[in-house]
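All remarks here apply to the structure that follows.
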Amino acid sequence: MAIIETHDLTKKFDKLTAVDRLNLSINEGEIFGLLGPNGAGKTTTLSMLATLLPPTDGNAAVAGFDVRRDAAKVRRNIGFVFQDPSSDDMLTGRENLYLHALMYGVDMRNINEKMDAVLRLVDLTDKQHQRMKGYSGGMRRRLELARGLLHEPRVLFLDEPTLGLDPQTRQHLWKYIKKLSTEKKVTIIITTHYMEEADMLCDRVAIIDHGKIAALDTPQKLKSMLGGDVVKLMVKDPKLAAVKKLKYVKDLKHEDGVVTMTMFDSNKHLQEVLKKVGDVESVETRKPTLNDVFLHFTGNEMRDSDDASEGGWSERMMHSSVENR
Amino acid sequence: MSEISGLYALWYREFKIFTREISRVVSSLVQPLMWLVIFGTGLGSALGENFIGTGASYSTYIFPGIMVMTVLFGSLFFGLYIIMDKRVDFLKEVLVAPLSRTTIFFGKVLGGSTDGAIEICLLLILGVLFFGIHLTLLSLAETIVIIALLMISIVSLGLIFGALMTSQEGFGLVVTFVIFPLFFLSGALFPVKSLPTWLYAFVAINPVSYTVDALRAVMLGIPASFGLPVDFAVMIGFALAMVLIGSWAFRRMKF
Ligand SMILES: Nc1ncnc2c1ncn2[C@@H]1O[C@H](COP(=O)(O)OP(=O)(O)OP(=O)(O)O)[C@@H](O)[C@H]1O
Ligand SMILES: [Mg+2]
């Protein structure tokens, strides 16, 4: 059953169309990812679903309630972890949690145990009585996540929840988000820049760019859309023409002695490629990552083209992701 | 039920913050004390112990007006400060909660009024000790009602401006064009009876004048210029109007 349904959902800010006729259907209990570059319209989409922004056009229903007509009922069913800081500096971490529990109608009988549990989860037990003024960015983030989990909503919106967290904490949170989804059947909508995160967590991913969905499927399917494995060869003098004739080779590229291509069943075909291409110094094959998918759908260039675009957003993404490896 | 715990939550937040900014409370008393001690004594020494036959010294005469001024500044700024909440996005956290905007509004009014009440209590104690204020149980109760009505009105007024404004830049304008006129045209510092007609007209359309008038009648026993029933009618009407407009502004607020 779909717990979130949008129909031509649109948001315009003056002339800019931030979200452009979005049609989504998200199932109950699913972890759904919105993956897209800065300004793609992710936050705007979540804000409309959470009744914080009125849509310009189209409509959306969350937990069966229309976001425009039944805003109060929608809000009763959702939780939101915002991209930007939204806790009170003058209060301690624990006080912020307590405040949240009161406002979101959490059963107050065992509130202390609940707060203890979420604090432990994000590893802030020993900082809980400190005013949030003295928290680091990552600590604040963790507290706000704990807060979003406190009232166990049916639908939880996480807007870049692990931005700026260290890898250890991120892994921790992934585990918890997974657990929340399987045990409590919470539907989770997550926006992220991290491919790894989307790949690890999400049942389905929508790649969104300029307010439009460029692709939507399971991470596996999205990756297989790229046409198999990525093969990278270091070759002094590659005989490209010969390789190009092979039917199963796609997206053949060559730059500074590095030849890349994609193909299905690389272990079966690799022999033949190696024979034809020339003196190979090293071979690397890998499964495509969501990163490849992301670039494929949001880059200005399709991968078929030989020359890479210069300095575009996709290029920068590629470089930074290479550096991170 | 959740609306009530939400109301409590919002009050709890304001009160916690208030207790952590005790220095602000102390400094909020400095301005009224300067008016009472320096201005009151300075002008009062020229006017004698029996100001215009009221039986009160000038410092005592302006005491109710200075209380009103304290509420004006404190409560209006309290309301304006939701702009800060907007900036740190704390407001989003509140607005996405399953609480009606009206509840959020009243939580703010309640929080602001509590802060103001504590300040006013301190000022009142100083008044009894040093500025010739005598209170009976009845006049204390009446004073509390009057001050409460004023606080609700002014916190709401501040919240209306806060809901409409998007940055702190407008603060100065509000001080110049709202707080000062409300204060100076309220008769806080002078009797309104013998004013020239043009000035009297301004005083008469200022709702705060009726608060000063009633407070002076209740605390000092000086006959009310507009009559107490009129004073109370205006005060209640003003409070209702501000609350209604305020909760409407909150429902419409964008961020
Ligand atoms: N309140 C607003 N007024 C005007 N334009 C806005 C407003 N909010 C967002 N926009 C614009 O809408 C577009 C989408 O913004 P949005 O915040 O949804 O992007 P995003 O996908 O969340 O990006 P990021 O990854 O940087 O968080 C951007 O071009 C942004 O400038
Ligand atoms: Mg965003």
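A note on names: the letters A, B, ... follow the listed sequences, proteins ahead of strands, and every chain is numbered from 1. What you are looking at is a predicted structure, and each value in this text was computed from that prediction instead of being measured. Note: hydrogens, waters and symmetry copies are ignored here, and every other heavy atom, side chains too, is used.
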- prompt: Side chain, backbone, both or neither: which part of A:His100 has an atom under 4.5 Å from a heavy atom of chain B?
  reply: both

Among the listed options A:Arg76, A:Arg147, A:Met108, the residue most often paired with chain B at heavy-atom distances under 4.5 Å: A:Arg147

message: Surrounding CD1 of B:Ile22 (heavy atoms of other residues, nucleotides or ligands, distance under 6.0 Å), is the total greater than 12?
response: yes

Contact origin within A:Tyr104 toward chain B - heavy atom pairs under 4.5 Å: both

- prompt: Parallel, tilted or perpendicular: which describes the rings of A:Phe80 and A:Phe82, with under 30° parallel and over 60° perpendicular?
  reply: parallel

message: In this structure, is the centre-to-centre distance between the rings of A:Tyr194 and A:Trp174 below 6.0 Å?
response: no

query: According to the side chain to side chain donor-acceptor pair (under 3.5 Å) rule, which pairs have a member within residues 9-24 of chain A, sequence neighbours left out?
result: A:Asp8-A:Asn23, A:Asp20-A:Lys212

- request: Measure from the side-chain N and O atoms of B:Arg101 to the backbone N and O of B:Phe250, and report whether any donor-acceptor pair falls under 3.5 Å.
  value: yes

query: With a 4.5 angstrom heavy-atom cut-off, which part of A:Asn96 approaches chain B: side chain, backbone, both or neither?
result: side chain

- request: Side chain from CB out, backbone as N, CA, C, O: work out which of these in A:Ser87 comes under 4.5 Å of a heavy atom of chain B, or both, or neither.
  value: backbone

query: How would you list, in number order, the residues of residues 111-131 of chain B that have a heavy atom less than 4.5 Å from chain A?
result: none

- prompt: Are A:Tyr98 and B:Tyr12 an aromatic pair by the rule of ring centers under 6.0 Å?
  reply: yes

task: Please answer whether the main-chain N or O of A:Lys73 pairs with a side-chain N or O of A:Asp70 as donor and acceptor at a distance below 3.5 Å.
output: no

- request: For A:Arg69, look at atom CZ and say whether over 12 heavy atoms of other residues, nucleotides or ligands are found less than 6.0 Å away.
  value: no

